A.B. asks: 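Handing you this structure, nothing more for now.
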Amino acid sequence: MWPAGRRMVSVVPRLAFAAARCTATASGHAKGEYSTDKETHFGFEHVSEEEKAQKVHKVFENVADKYDLMNDLMSGFVHRAWKDHFVSRLQPRPNTRLLDVAGGTGDIVFRYIQHLRYASLGARVGAAASPQHTTTTDSSTSDSSSSDSDSDSSQRLYEISVCDISESMLGVGRQRAEALGHRGIDWVCGDAQKLPFEEGEFDCYTIAFGIRNVVDVQKALDEAYRVLKPGGRFMCLEFSHVKNPLVRWAYDQYSLNVIPPMGQVVAGDWASYQYLVESIRKFPDQETFKEMIEEAGFRNVTYENLTLGVAAIHSGFKI
């Protein structure tokens, strides 16, 4: 964990800012952010913006306990490879301020921390092997330096905030972080369309399998741009569109006809998983989403298809 004085400086003003900027309703989304008259979609259903915000919040409150298990079962564990590749493309660097949105269970930030630790370990090993850096130390000094606690290493390696609309999802993430021994992560309940953070606060913004669930994707992209520093990077991993007609047909048959019943058997919830697979069909294709990211102000926007376009990684920079 960061030193006490530093935490007081960084977190207390942020909490005051959050209270002023984003007053949450009981359902977890920003009060006054959503219209009761303007229509949008919730899967294949047409609803008001306010109703969608409430319904999406309810979905993730319902699936939180089984969310990671269902991800494994639904994807045949492929989502793990996608997320590993996503974090490797991010190329984490020490002392980067990361905001992971819709990442309540911690899947992305735990990979991010692991990546940083491996990189740091490699650097230390390389330094130890280099003759010009070789020094004589006694065994007690060596043992002490090699057994740094997570809280000590977090001072050097990372500053992470996880923001999610669902307290239940965040609760799962906190429990997992405690079990893994990770410290120094801020777990924040907040809305992607009205983030409780100051302008230019982060070096990197990530969102994995979450942006298709926001009510207004363009507003979420605008918020991502706002909270990033100049030069900051936006990265999104999301289900996308398969172009090959045969592969698309097989994928549709599986996702629409197998996943909802699986959700009923494993999580006791058909409706939530019916929505989740329908929401994929309503999300923009790769090129359209790229244009939306550019509309928010990002430059050098690129995307990479994964598994024939079942998922895609989009990246852009605030320049």
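All residue numbers in this chain count up from 1 along the given sequence. Please read these numbers as outputs of a predicted model, since none were measured by experiment.
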A.B. asks: How is the hydrophobic cluster of I319 composed, in terms of its other members, when Ile, Leu, Val, Met, Phe, Trp and Tyr link through side-chain heavy atoms under 4.5 Å apart, directly or indirectly?
C.D. replies: F317

A.B. asks: Quick test of your reading: applying side chain to side chain donor-acceptor pair (under 3.5 Å), list the pairs with at least one residue in residues 302-319, sequence neighbours left out, ordered by first then second residue.
C.D. replies: W82-T307, H85-E304, R89-E304, R233-S315, Q286-N305, E287-Y303

A.B. asks: Using the ring-ring contact (aromatic ring centres under 6.0 Å, His included) criterion, which residues pair with F60? Sequence neighbours excluded.
C.D. replies: none

A.B. asks: Residues two or more places apart in sequence or in another chain: which of them pass ring-ring contact (aromatic ring centres under 6.0 Å, His included) with Y225?
C.D. replies: F298

A.B. asks: Could you list the residues that satisfy salt bridge (charged side-chain N to carboxylate O under 4.0 Å, His left out) with D107, not counting sequence neighbours?
C.D. replies: K83, R111, R176

A.B. asks: My understanding is that only residues two or more places apart in sequence, or in another chain, count here; which of them pass ring-ring contact (aromatic ring centres under 6.0 Å, His included) with Y112?
C.D. replies: none

A.B. asks: Output all residues satisfying side-chain hydrogen bond (donor to acceptor under 3.5 Å, both in side chains) with E45, sequence neighbours left out; order by chain, then residue number.
C.D. replies: none

A.B. asks: W249: what forms a side-chain hydrogen bond (donor to acceptor under 3.5 Å, both in side chains) with it, not counting sequence neighbours?
C.D. replies: none

A.B. asks: Please enumerate all residues that pass salt bridge (charged side-chain N to carboxylate O under 4.0 Å, His left out) together with D203, with sequence neighbours excluded.
C.D. replies: K229

A.B. asks: For S279, check side-chain hydrogen bond (donor to acceptor under 3.5 Å, both in side chains) against everything at least two apart and list the hits.
C.D. replies: R212

A.B. asks: Taking side chain as C-beta onward, heavy atoms only, is F86 less than 4.5 Å from M235?
C.D. replies: yes

A.B. asks: Residues two or more places apart in sequence or in another chain: which of them pass side-chain contact (heavy atoms from CB on, under 4.5 Å) with V258?
C.D. replies: Y254, M262

A.B. asks: Which residues pass the ring-ring contact (aromatic ring centres under 6.0 Å, His included) test with H241, not counting sequence neighbours?
C.D. replies: none

